[in-house]
Protein chains: 2
Amino acid sequence: MGITKSEHFTDEQNELATLAKAIGHPARIAIIEHLIKVNSCVCGDIVNELPLAQPTVSQHLKELKNAGLIKGNFEGNAICYCLNEEGFNKIKGFFQHINTYLENKKNQCC
Amino acid sequence: MGITKSEHFTDEQNELATLAKAIGHPARIAIIEHLIKVNSCVCGDIVNELPLAQPTVSQHLKELKNAGLIKGNFEGNAICYCLNEEGFNKIKGFFQHINTYLENKKNQCC
DNA sequence: TATCTATATTGTAATATTGCAATATAAATA
DNA sequence: TATTTATATTGCAATATTACAATATAGATA
């Protein structure tokens, strides 16, 4: 049906899924990597960095913003984008949990 | 169009996106959390743990397996599932990169 | 071998996502 | 104010995802 049964899962599970889903597209990975690479707020050159049309990039930026992974400030007629620490911190705990588990697990059959 | 232009992105970007996308569903988060919680290979009780029909769970398990995030071994007529370290290690680096960046970034406008 | 149990596959309907052309908006500047 | 520049929104077509009933498969056991 294409419709996720969110109501049957916990808020935390839904939130983590939303964050991971937002990261789950190569264009959005590329945007995140670019924001890190230039190490400053980026005013609009993201469209030129990506092999996609402007409306498509705008849509991807919107999804990252909605998920809480990037922030955008108006700066004149342009917009400055940068990573939103809050969003990434929420995922951080999840992966730390997994890594700690994987480092310590023993007696596994697979 | 619903079709991702993977060919325009690097292999690494596509791979990270595939992994994140696989994690990006609450049912699959729940599966991962369950595998950690029981701290052993799980033989089939995953269907009972989730509020979804058996074929749907089977489909989610397949997606996690295809992405390299879990492994499954036949154990009699059941199957043992557990986390696949390899898949999670691939994402680990990405998030470490982001976290290191976020901890050190300064002079940001947003 | 027949049956049971556990899991996978197939087929299908509903919904979501991706991408872009066309267009709208909004601030800056001529 | 008219124009330019940067970004967002709308509308739409193509494809992907989600969910499940029905069915298939495959090993275990009676």
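So that the names make sense, note that chain A is the first sequence line, chain B the second, and so on, each numbered from 1.
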>> For D/dT17 and B/His60 - does any side-chain N or O of the residue sit under 4.0 Å from the phosphate oxygens OP1/OP2?
In response: no
> How close or far is atom P of C/dT5 from atom CD1 of B/Ile79, stated in whole angstroms?
Replying inline: 18 Å
> Would you call A/Phe9 and B/Leu52 a side-chain contact if the rule is heavy atoms closer than 4.5 Å?
Replying inline: yes
> Can you tell me if NE2 on B/His8 sees more than 12 non-hydrogen neighbours from other groups inside 6.0 Å?
Replying inline: yes
> A/His60 vs A/His25 aromatic rings, parallel, tilted or perpendicular, using cut-offs 30° and 60°?
Replying inline: tilted
> Judged by atom type as modelled, is there a donor-acceptor pair below 3.5 Å linking the side chain of B/Thr18 to the main-chain atoms of B/Asn14?
Replying inline: yes
>> Determine whether a donor-acceptor pair (N or O, by modelled atom type, separation under 3.5 Å) exists between the side chain of A/Ser58 and the backbone of A/Gln54.
In response: no
> To the nearest Å, how far apart are A/Ile31 CD1 and C/dG19 P?
Replying inline: 10 Å
>> Using the salt bridge (charged side-chain N to carboxylate O under 4.0 Å, His left out) criterion, which residues pair with B/Lys21? Sequence neighbours excluded.
In response: none
>> Between B/His25 and D/dA19, is there a contact of a side-chain N or O with OP1 or OP2 at under 4.0 Å?
In response: yes
> How many Å lie between CD on A/Glu63 and P on C/dT17, as a whole number?
Replying inline: 7 Å
> Is B/Lys62 near enough to C/dT9 that one of its side-chain N or O atoms lies under 4.0 angstrom from OP1 or OP2?
Replying inline: yes
>> The side chain of A/Lys21 is closest to which nucleotide in this list: C/dA8, D/dA19, C/dT17?
In response: C/dT17
> To the side chain of A/Tyr81, which of D/dA6, D/dA8, C/dT7 is closest?
Replying inline: D/dA8
> When you measure from every atom of DNA chain C, which of residues 50-59 of chain A have a heavy atom less than 4.0 Å away?
Replying inline: A/Leu52, A/Ala53, A/Pro55, A/Thr56, A/Gln59
>> Distance check needed: C/dT5 P versus B/Asp45 CG, whole Å only.
In response: 17 Å
>> Without decimals, in angstroms, what is the distance between B/Asn73 CG and C/dA6 P?
In response: 18 Å
